[in-house]
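Throughout, numbering of the chain's residues begins at 1 and tracks the sequence. The figures here come from the full heavy-atom set of this structure, side chains too, leaving out hydrogens, waters and symmetry mates.
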Amino acid sequence: MMKDIKNVNCWMVYLMPFDNSDRKDYEKVNKFQQDCISEKIFGMGWSMNLFDYGTPISGEKAEEYLKKYDAEAAGTGKVSSSAVKSYVKIKKGDYIIMRLKNSHYYVGKVSSDGAVYMYRENDIVYSRFSWGGRVDKWIEYSNDCEVPSDIEGRFSQRQHATIQRIAADRMKMLVISMYENGEKEEDRIYNIPKIVVNKENFVRSLSYKELEDAVAFFIHERHAGEGYRLLPSSCKNSRQKYEFTYVAGNRKPITCQVKNQSEVETEQYTEENTYEYIYIFSGLWNDDRVEELRKVYEEYKHIYIISPSELFQTLKDSNIINSRYYELEI
């Protein structure tokens, strides 16, 4: 029987206590972050010598810190009160997940009794911290292919808070599973089962890149026999209306538009007659909605709207899903 995870919190930590001007300095940031991995620590910035090293955080200490920092910083920067209040809530046994400058993922279980004041004057690592904590160890994942698609998608968002609690049970299960996959089987506490992926939920189980890959497989299956091949240089994020292009000899190219959780404005493609086919997929549309749209645009023979059933079948055939965390419904 799986142990209840409702009292366990998982936290996404953005380990970047640097000024904006230094955040693009790969060597500087990577050296600091790897030192943190070696020290088995995490923390937030806005550092200042306000408390003794190791002072436990509390609601009262957090308020005192916010007032002192704002007073002593003298307008040079305002600390994130939401980040401080999140650190107040961290407790022993919670899980921390980070993606660092080297694009590796790290998951650890908090071993300290909550957060403490980490600042140490003249220390190359600890002088950058205010509040932080320790983990028993860091479990490292070297690339996106090794982590659950849900997690990769969450970290792919452009805006990152200093710290953010993961509220959804599905995401919490995946974070804990990442940690326990680095443990010996007999040392695992929760033994998280694989998430069953079916026609209704597969879009949420894929990152936007994996969803585009699934559509690429779908197009390949339909047109490889006609000589169409993917043009790698067309896979640019800057192309607003299209994802990538397939080409074949003297024939018109094939392209597509893929949206994970937003509508595709199909009307925009009705006059795009320079393409043999434009494939369209939206994760918001079910099979019934796709049938409705196909009738609306049936006179535009170059537009093909992919149904969830079709793409799910391609997903099963292509083995895109990471079987370490997900199990395809048979």
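Sorted pairs that involve residues 105-133 and meet salt bridge (Lys or Arg N to Asp or Glu O under 4.0 Å), not counting sequence neighbours, are lacking altogether. For residues 28-39, the salt bridge (Lys or Arg N to Asp or Glu O under 4.0 Å) pairs, not counting sequence neighbours, are D22-K28, K31-D35. For residues 219-228, the salt bridge (Lys or Arg N to Asp or Glu O under 4.0 Å) pairs, not counting sequence neighbours, are E226-R251.
Here the closest heavy-atom approach between residue Y87 and residue G132 is recorded as CE2-CA, 3.9 Å. When all heavy atoms are compared, the tightest approach of V290 to I306 is CG2-O, 3.8 Å. Contact between Y65 and L50 at its shortest, heavy atoms only, is CD1-CD1, 3.5 Å. Heavy-atom minimum distance, E267 versus T270: O-OG1, 3.0 Å.
Enclosure of atom CD in E263 by more than 12 non-hydrogen atoms of other residues, nucleotides or ligands within 6.0 angstrom is indicated. More than 12 heavy atoms of other residues, nucleotides or ligands sit less than 6.0 Å from atom NZ of K194. Residue D52 places its CG atom among 12 or fewer non-hydrogen atoms of other residues, nucleotides or ligands, all under 6.0 Å distant.
The structure places CD1 of I192 at 8.5 Å from CG of L174, a figure rounded to the nearest 0.5 Å. To the nearest 0.5 Å, atoms OG (S82) and CD (Q164) are separated by 9.5 Å. With values rounded to the nearest 0.5 angstrom, I254 atom CD1 is found 7.0 Å from I219 atom CD1. Remark: D169 CG to K6 NZ distance equals 11.0 Å, nearest 0.5 Å. Atom OG of S262 is separated from atom CG of L284 by 6.5 Å, given to the nearest 0.5 angstrom. Residue I176 holds its CD1 atom at 4.5 Å from SG of C10, rounded to the nearest 0.5 Å.
S47 places no side-chain N or O within donor-acceptor distance of the main-chain N or O of S130, the cut-off being under 3.5 Å. In this structure a side-chain-to-backbone donor-acceptor pair under 3.5 Å is present from K101 to R23. Checked by atom type and distance alone, the side chain of S38 pairs as donor or acceptor with a backbone atom of Q34 at under 3.5 Å. Using modelled atom types, one side-chain atom of N198 and one backbone atom of E200 make a donor-acceptor pair closer than 3.5 Å. At least one donor-acceptor pair under 3.5 Å links the side chain of S112 to the backbone N or O of R134. Between the side chain of E212 and the backbone N or O of E243, no donor-acceptor pair lies under 3.5 Å. Of the possible polar contacts, none joining the S307 side chain to the D287 backbone as a donor-acceptor pair under 3.5 Å is found. With K24 contributing its side chain and S21 its backbone, the two residues share no donor-acceptor pair below 3.5 Å.
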Would you sort out whether L293 and I280 count as a side chain to side chain contact (heavy atoms under 4.5 Å, CB included), showing the intermediate values?
CA-CA 11 Å; L293 290 169; I280 291 173; over 6 Å; no
Audit row: Y228, Y246, ring pair (Phe, Tyr, Trp, His ring centres under 6.0 Å) steps and yes/no
CA-CA 6 Å; Y228 277 98; Y246 281 80; 7.3 Å; no
Stepwise, does the side chain to side chain contact (heavy atoms under 4.5 Å, CB included) test hold for V264 with I305?
CA-CA 10 Å; V264 178; I305 303 172; over 6 Å; no
For a side chain to side chain contact (heavy atoms under 4.5 Å, CB included) check, start with the C-alpha distance between V203 and N260, then their side-chain angles and the critical distance, and finish with the verdict.
CA-CA 7 Å; V203 172; N260 192 307; 3.2 Å; yes
List the steps and the verdict of side chain to side chain contact (heavy atoms under 4.5 Å, CB included) for Y26 and N102.
CA-CA 8 Å; Y26 180 87; N102 61 2; 3.6 Å; yes
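Partners of F202 under the ring pair (Phe, Tyr, Trp, His ring centres under 6.0 Å) rule, at least two apart in sequence or in another chain, are F312. In this structure F281 satisfies the ring pair (Phe, Tyr, Trp, His ring centres under 6.0 Å) test with no other residue, sequence neighbours excluded. Under the side chain to side chain contact (heavy atoms under 4.5 Å, CB included) criterion, N9 pairs with W11, K91, D94, R165, sequence neighbours left out. Scanning for ring pair (Phe, Tyr, Trp, His ring centres under 6.0 Å) contacts around F129 gives F32, with sequence neighbours left out. With sequence neighbours excluded, the residues forming a side chain to side chain contact (heavy atoms under 4.5 Å, CB included) with K209 are D144, E152, S207, listed by chain and number. Not counting sequence neighbours, K295 has no partner by the side chain to side chain contact (heavy atoms under 4.5 Å, CB included) test. Residues satisfying the side chain to side chain donor-acceptor pair (under 3.5 Å) criterion with E292, sequence neighbours excluded, are R289. The side chain to side chain contact (heavy atoms under 4.5 Å, CB included) search around Y141 returns Y105, I139, E146, V147, M178, N181, R324, Y325, not counting sequence neighbours. Residues satisfying the side chain to side chain donor-acceptor pair (under 3.5 Å) criterion with Y304, sequence neighbours excluded, are R294, E310.
Linking Ile, Leu, Val, Met, Phe, Trp and Tyr whenever their side-chain heavy atoms come within less than 4.5 Å puts V135 and Y53 in one cluster. Connection of V296 to Y269 is established within a shared hydrophobic cluster, with ILVMFWY side chains joined at heavy-atom distances below 4.5 Å, either directly or through further cluster members. Following chains of ILVMFWY side-chain contacts shorter than 4.5 Å, one can reach M48 starting from I124, so the two form part of one hydrophobic cluster.
Looking at heavy atoms from C-beta onward, F218 lies out of side-chain contact with D317 at the 4.5 angstrom threshold.
The aromatic rings of F51 and W131 sit tilted relative to each other, their planes meeting at an angle between 30° and 60°. A perpendicular orientation is assigned to the rings of H302 and Y300, their planes being inclined by more than 60° (bins at 30° and 60°).
A salt bridge links K68 to E64: one of the charged nitrogens lies within less than 4.0 Å of a carboxylate oxygen. Taking the charged nitrogens against the carboxylate oxygens, K137 and E183 do have a contact shorter than 4.0 Å, which makes a salt bridge. Between K78 and D70 a salt bridge is recorded (basic side-chain N to carboxylate O distance below 4.0 Å).
Donor-acceptor pairing under 3.5 Å is recorded for the side chains of D150 and Y326.
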